[in-house]
Amino acid sequence: MSFQNQILKTSFRSTDVITRSGGDEFVVILPNTHLKDAENIVLRLRHNLNKYNEEHKNEIPLILSIGLACAEAVSYTHLRAHETEADLV
């Protein structure tokens, strides 16, 4: 298992969706997660990354940049209703 996979798999839950969006960029979807829980997951990820860097001091350190956003689930029909209202204006 690569070190990226090891860090990601130990940082996130089995219900989270981890995908690679670029060479060294990842997107993680945390379904059914409140903001505070997501913040705790980010802290766990940072902790695991720092631990890895401490254990591999002779290597180039890994760095992390994180963006976090939360959204309420909205039904498709709800979105279409707003689109129709906007078209009428």
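A quick note: this is a predicted structure, and the numbers were derived from the prediction, not measured.
Side-chain atoms of Thr15 do not come within 3.5 Å of backbone N or O of Arg13 as any donor-acceptor pair. Of the possible polar contacts, none joining the Arg20 side chain to the Phe26 backbone as a donor-acceptor pair under 3.5 Å is found. Side-chain N or O atoms of Asn50 include one that pairs as donor or acceptor with a backbone N or O of Arg46 at under 3.5 Å.
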Task: Worked verdict on Leu35 versus Leu68 for side chain to side chain contact (heavy atoms under 4.5 Å, CB included) - done: CA-CA 9 Å; Leu35 179 59; Leu68 178 63; 3.9 Å; yes

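With rounding to the nearest 0.5 angstrom, the OG atom of Ser65 is 9.0 Å from the CD atom of Glu25. Asn48 CG to Phe12 CZ: the interatomic distance, rounded to the nearest 0.5 Å, is 9.5 Å.
At least one side-chain heavy atom of Pro31 sits less than 4.5 Å from a side-chain heavy atom of Asp16.
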Return all side-chain donor-acceptor pairs below 3.5 angstrom for residues 56-64, not counting sequence neighbours, or 'none' if the list is empty.
unit_1: His56; atom_1: ND1; unit_2: Tyr52; atom_2: O; d: 2.9
unit_1: Lys57; atom_1: NZ; unit_2: Glu54; atom_2: OE1; d: 3.3
unit_1: Glu59; atom_1: OE1; unit_2: Tyr52; atom_2: OH; d: 3.4

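Nearest heavy atoms, Ala38 versus Thr33: N-CG2, 3.6 Å. Between Leu30 and Val28, the shortest heavy-atom contact is CD2-CG1, 3.7 Å.
Under the 4.5 Å side-chain heavy-atom criterion for grouping Ile, Leu, Val, Met, Phe, Trp and Tyr, Leu45 is connected to Ile18 within one hydrophobic cluster. Under the 4.5 Å side-chain contact rule for hydrophobic residues, Leu8 and Ile66 share a cluster.
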